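Scroll down for the structure; my scribbles are underneath it.
Chain letters run A, B, ... following the sequence lines, proteins first, then strands; residues in each count from 1. Remember, it's a predicted structure, so these values are computed and weren't measured experimentally.
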Amino acid sequence: MITELKCRDIDIWKTFTCGQCFRWKHRPDGSFAGAAAKRAARIKYASGVIVIEEDSVTDTPENRKEAEHFWAEYFDLSRDYGKAREWLLSHDEKIGDAVKAGDGIRILRQDLWETIVSFIISQNNNIPRIQGCIEALAELCGEKIPGSELYSLPSPEVLSGMTPDALAPVRLGYRAPYLVAAAREYIKLRPLLEAEPSLQGTPGTADISDTGKALTAAEEYSLLLSLTGVGPKVASCISLFGLGRIESFPIDVWVRRVMHEVYGFDEGDMRGMKKYAEEHFGQYGGLAQQYLFYFIRRQNM
DNA sequence: TTCCAGGTGGCAT
DNA sequence: ATGCCACATGGA
């Protein structure tokens with residue numbers, strides 16, 4: 001099935017290669033092939049339209065509607081990025097170059113559990129190797145996606161039933177036991193975390209506006225922190241990419257570098273960087289972080 | 001050989 | 001609450 005979504009404000013190359021996701025592979029024709037949640041797709045962009053080809057989905061009205069909803073959310077199409085960029089430019093003197101470099105990046109709204117797995121693997125690791133580990137993990141114990149050669153990532157149930165030794169082929173190193181423990185812990189937290197405020201009003205999603213059960217960003221963050229292998233940086237990435245908390249500002253080695261180079265912070269002054277981000281990047285901290293991350297990383301590669 | 005990568009857990013203060 | 005340090009793996 002082919003899904004077409006109008007979007008004037010996206011650069012899929014930047015969006016897929018800026019380090020927020022790890023499963024999309026660039027192809028010679030400029031398209032990307034990969035997987036998100038339980039779906040496999042080839043994606044290209046031309047003249048204001050994102051074209052998503054899914055061999056594993058047959059073209060029925062229900063499937064079409066579901067695909068449109070899934071991919072529109074995945075690409076965060078309801079957000080006005082032009083407005084976000086203007087907001088950042090008017091609230092910070094020095095972010096202009098990074099915004100210009102990162103123009104076209106959108107924050108992908110990824111599956112929560114996949115985001116947890118991906119960023120536990122990401123710790124003290126490099127991006128090519130993270131990609132390899134995730135593919136190996138999917139192939140070892142994920143589910144084959146029908147009509148595709150790709151596998152989805154293993155569910156928390158599958159992963160919680162494995163031993164770290166059984167994950168040896170994935171070459172996760174010391175992260176293997178983290179992943180197994182986090183899977184077990186996540187199963188308990190899932191009922192709390194799946195009441196997602198950003199999805200309120202979305203068809204097919206429970207409206208939790210009256211139940212009082214919606215978590216604040218801070219509450220979500222502290223729950224994520226309780227997972228084995230999840231510290232401040234990884235929890236921030238999960239908030240940003242897995243829960244749509246676009247104000248979240250993850251600080252890693254690259255962000256420390258760029259905050260030193262552009263803003264003059266001491267590279268150990270995480271406290272100051274965090275405060276600065278809150279005051280200057282505010283509601284768009286996560287987007288600012290991606291612009292800065294992309295900006296500094298591109299200079300060094 | 002040593003250093004590094006989208007850091008964190010465990011332990012000592 | 002904060003400061004070290006070991007941790008598995010593979011590429012530069």
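Within the nucleic acid shown, A:Leu292 has no heavy atom closer than 4.0 Å to any nucleic acid atom. Across all strands shown, A:Pro232 has heavy atoms under 4.0 Å from sugar-phosphate atoms exclusively, and none from any base. Within 4.0 Å (heavy atoms only), A:Gly229 reaches sugar-phosphate atoms of the nucleic acid but no base atom. Within the 4.0 angstrom heavy-atom criterion, no nucleotide atom of any strand lies near A:Gln131.
Phosphate contact (OP1/OP2 of C:dG10, side-chain N/O of A:Arg171, threshold under 4.0 Å): present. Here A:Arg129 does not reach the OP1 or OP2 of C:dG10: none of its side-chain N or O atoms lies under 4.0 Å away.
In this structure, A:Phe293 places its CZ atom 9 Å from P of B:dG7, rounding to the nearest Å. As rounded to whole Å, 13 Å separates atom C1' of C:dA8 from atom CD1 of A:Ile121. Rounded to an integer number of Å, the gap from A:Asn124 CG to B:dC3 C1' is 12 Å. Distance A:Asp252 CG to B:dC4 C1': 13 Å, rounded to the nearest Å. Per the geometry, CD belonging to A:Gln123 stands 7 Å off P belonging to B:dG9, to the nearest Å. Between the C1' atom of B:dG7 and the CD1 atom of A:Ile127 lies a distance of 14 Å, rounded to the nearest Å. If you take CD of A:Glu185 and P of B:dT8, they are 14 Å apart, rounded to a whole angstrom. B:dT8 atom P lies 12 Å from atom CG of A:Leu224, rounded to whole Å.
Here the closest non-hydrogen pair linking A:Asn124 and A:Arg175 is O-NH2, 3.0 Å. Scanning both residues, A:Ser226 and A:Leu189, for their nearest heavy atoms gives OG-CD1, 3.7 Å.
Separation of the A:Phe295 and A:Tyr291 ring centroids does not fall under the 6.0 Å cut-off.
The closest side-chain heavy-atom distance from A:Tyr178 to A:Gln123 is below 4.5 Å.
Between the side chain of A:Tyr178 and the base of B:dG7 there is no donor-acceptor pair of N/O atoms closer than 3.5 Å.
Comparing the P positions of C:dA8 and B:dC11 gives a spacing of 16 Å, expressed to the nearest Å.
With a 6.0 Å cutoff to the six-membered ring centre and a 45° limit on the axis angle, A:Arg39 counts as a cation-pi contact of A:Phe70.
Taking the side chain of A:Asn126 as heavy atoms from C-beta on, and the options C:dG10, B:dG7, C:dA8, the nearest nucleotide is C:dG10.
DNA chain B is contacted by both A:Arg297 and A:Leu227; A:Arg297 maps to the nucleotide lying nearer its 5′ end (nearest heavy atom per residue).
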